[in-house]
Structures are given as structure tokens and as C-alpha cells.
S.K.: 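Following this message is one structure expressed as C-alpha cells.
We count ligands from 1, going down the list as the structure has it; atoms in each ligand are counted the same way.
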Amino acid sequence: MEFMKNVWKSAKTDRKIIVLPEGDEDRTLIASEKINKEGLADVILVGSSDIIKAKAKVLGVDIEGIQIEDPETSSNTDKYAEEFYELRKNKGMTKEKALKIVKDPLYYGTMMVKMNDAHGMVSGAVHTTGDLLRPGLQIIKTAPGVSVVSSFFIMMVPNCNYGDDGMLIFSDCAVNPNPTADELASIAIATAETAKNLCKIEPKVAMLSFSTMGSAEHELVEKVRNATKIAKYRRPDLDIDGEMQLDAAIVPKVANQKAPNSKVAGNANVLIFPDLQSGNIGYKLVQRFGRAEAIGPISQGFAKPINDLSRGCSSEDIVNVVALTAVQAQTSK
Ligand code: ACO
């Protein structure tokens, strides 16, 4: 696939350090060997060195030269606990609790990123999305000027003319259950930036609803309308428009009827869903019925990149998400 080929190429040009907290997990170990051999990133595996080495031997995986960090024995654990305590003491954190928490591989990996011992983190082959996001939200927090962390999927729909020859970006499908109008505007702007910087496409952002340009009145529509206004006000340089129905967003003929004055309608390649129910259901509909490849969820808005995997992921998926995370790390300040 052309898009992933370009991501791999970019990742190799400026090799980043990516920590994998599920270091003793089979698919993660298989992926680590491939990432190392391809030169996509320098991975660090978190976990017990003895267990990781024994598992790698059983799997026939070569992890020679790959760094292993064991939170139980690492000389960094006390330093990370101290910093974590400082970050969370106003939330009731104690020094004792902090030491216990940073020994959890997900918190340990997140602290490695925070303390610049790694550039990014990938996890989720075993843990849930919430398990991964919570330490990220508590420790890494949002990038300057960004109010909310969100996520996106790159959808590759075969034999399709919508979007950029079947490539569309969907957001938010994995993080914010019910964003406010202000948060929805922030998600739209972040996704437009992602489209430009990571996907190298000129974003045309549609704010989706069950109404097109005032065809229906409801508080749910009002939220999307307000979000559109806020996003346009904040970033007049971006092509963002709404509220609009999905068909008006992507089908030129429908757009001509329902939103003839919109530059985005009929040409949208970035679809912003009003809440997590519609976003999550929406991407899965396209993935299953449209036989689309869904790359993600990839996080956006964190000060440093932290990404989730699906628990059903393959080792190839892990390789690709690590490469994407490395490319995000190249552009994060
Ligand atoms: N952006 C920035 N900060 C946030 C966000 C956000 N989107 N959400 C929460 N926070 C902050 C809070 O302000 C809080 O900060 P503080 O502790 O410093 O004050 C911290 O993060 C923790 O917030 P909580 O509200 O306590 O966290 P919560 O337990 O609600 O977890 C989470 C947040 C994990 C993102 C939650 O909203 C969630 O579970 N979302 C849905 C995830 C999910 O299940 N997705 C679907 C499956 S994925 C798939 O199908 C591909």
C-alpha cells in the first residue's frame, strides 16, 4: 500500500526510539524483530528480561541488540516515581503509591516518553484503549494549543472515488465519548493538521450531522453547527464546513442540491463525527461493508505520540503503528 510505504520510508530517515510496554507479548516480540531488521525505529521492550528472552527463544525471534527495561530492577524506576509523584501530588498521589504505579509497564513506558528516554509509545495488543490513554492523559497531556486528545482512522476503501481516491480520514472514533462544541472544533482542526502533515493530503473537513445546512433543528445539530463556527473562526485558513449529512459531504451530485455554496461538500476527505457512538459505528460500517482497510486508531493531540493497538492486531499491524508513531515523533515539538 502506497501510504504505508511512504510512512516506512519517512520513519527510516530519522530513526526514533519507541517503547513497547507489552514486551513479553508474542506479536510484539515478532514485530520487534521486523522493526529492528527494517530499521523503522529503535524499540525498547518493557518487562522481565528473563521472561522476554525465554519467550523470544521459544518463538525463534532474534532480539539481539534490542534494549529491555524491567521496571522492577531498573535504576530509572525511582526517578520516574519521583517525577510521577510531582505531576500528580495535587490529585492526591503519595510517594508510596507513585512507586507502585510506575512499576506498571504502561505507566513505566509513558514515563520513559515523558522523561525523553523514548520518543513515543505503542501498546494495546493486550490492554484496552482506556488502559493506555489514562497514563497518557495524566502524564504526557496535550500539545501546546490543543485542548483535547482525540484519534483518527485512515480509511482505505477499495474501488472508490470518494475522498482522495478512496482514502478518507475519520475522527474521533476512539477517545471522546461526547465532545462539547468547543472540543469538536478542536478535533476538526487537529484532524485537518494530521491530514496535511502525516497523510500529505489537502484537507476538506466535513462536520457530520443528520442535517445539512439547517435542514433540521435539534440540539444535537446545534452542537455540530456551533463546532463548525468555532473551527472556522479559529482557523479561517482551513476548508472546514458543516453541518452536513454524509452523502452531502462525499457525493458531488447530492452536494450540488443540498449545499451548493460549500467548497467542502461533495469533496470531503476528512469526516468529523459528532460523538463516539457515531464515529466508532461509522468506521466499522465502512470497514466491514465497504471492505475498507482501517489504519488506527492513531492518537492526535498528545504532546508526544502514544498509540493504541486493537487487541486483535497482527504483528504486521504493530510494525505499521510503530512506524506511524515514529513519524509522528519526528514532527512533535
Ligand atoms: N483530552 C485531554 N485530556 C483528557 C481527555 C481528552 N480527550 N479525556 C480525559 N482527559 C484528562 C482529564 O482531564 C483528567 O486529567 P487530570 O487527571 O489531570 O485532571 C485525566 O485525563 C483523566 O480523566 P478521566 O476523566 O478521569 O479519565 P477517564 O477515566 O474518563 O478516561 C478515557 C478517559 C480513557 C479517554 C475515556 O474517556 C474513555 O474510556 N474513552 C473511550 C475509550 C474507548 O473505549 N474507545 C472505544 C474503543 S476503541 C476502538 O474501538 C477502536
S.K.: In chain order, what residues pass the ring pair (Phe, Tyr, Trp, His ring centres under 6.0 Å) check against Tyr107, with sequence neighbours excluded?
M.R.: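 Checked Tyr107 against ring pair (Phe, Tyr, Trp, His ring centres under 6.0 Å); matches are Phe84.
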S.K.: Tell me yes or no: between the side chains of Ser151 and Ser299, is some donor less than 3.5 Å from an acceptor?
M.R.: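 Checked: Ser151/Ser299 side chains show no N/O donor-acceptor pair below 3.5 Å.
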S.K.: Go through the side-chain N and O atoms of Tyr80 and Asp117 and say whether any donor and acceptor fall under 3.5 Å apart.
M.R.: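 Short answer, yes.
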S.K.: What side-chain donor-acceptor pairs closer than 3.5 Å can you find for residues 200-210, not counting sequence neighbours?
M.R.:
residue: Lys200; atom: NZ; partner: Asn197; partner atom: O; Å: 2.8
residue: Lys204; atom: NZ; partner: Asp239; partner atom: OD2; Å: 3.0
residue: Ser209; atom: OG; partner: Ser211; partner atom: N; Å: 3.2

S.K.: For ligand 1, which of its N or O atoms have a protein N or O partner closer than 3.5 Å, and how long is each gap?
M.R.:
residue: ligand 1; atom: 1 (N); partner: Val149; partner atom: N; Å: 2.8
residue: ligand 1; atom: 7 (N); partner: Val149; partner atom: O; Å: 3.0
residue: ligand 1; atom: 7 (N); partner: Asn176; partner atom: OD1; Å: 2.7
residue: ligand 1; atom: 17 (O); partner: Arg88; partner atom: NH1; Å: 3.2
residue: ligand 1; atom: 17 (O); partner: Arg88; partner atom: NH2; Å: 2.9
residue: ligand 1; atom: 18 (O); partner: Arg88; partner atom: NH1; Å: 2.9
residue: ligand 1; atom: 18 (O); partner: Lys141; partner atom: NZ; Å: 3.1
residue: ligand 1; atom: 19 (O); partner: Lys91; partner atom: NZ; Å: 2.7
residue: ligand 1; atom: 29 (O); partner: Arg134; partner atom: NE; Å: 3.0
residue: ligand 1; atom: 29 (O); partner: Arg134; partner atom: NH2; Å: 3.4
residue: ligand 1; atom: 40 (N); partner: Val175; partner atom: O; Å: 2.9
residue: ligand 1; atom: 45 (N); partner: Ala174; partner atom: O; Å: 2.8
residue: ligand 1; atom: 50 (O); partner: Asn280; partner atom: ND2; Å: 3.0

S.K.: Any side-chain donor-acceptor pair under 3.5 Å between Glu64 and Asn36?
M.R.: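 Side chains of Glu64 and Asn36: no pair found under 3.5 Å.
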S.K.: If the condition is salt bridge (charged side-chain N to carboxylate O under 4.0 Å, His left out), which residues does Glu217 pass it with, not counting sequence neighbours?
M.R.: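 In terms of salt bridge (charged side-chain N to carboxylate O under 4.0 Å, His left out), with neighbours along the sequence ignored, Glu217 is linked to Arg225.
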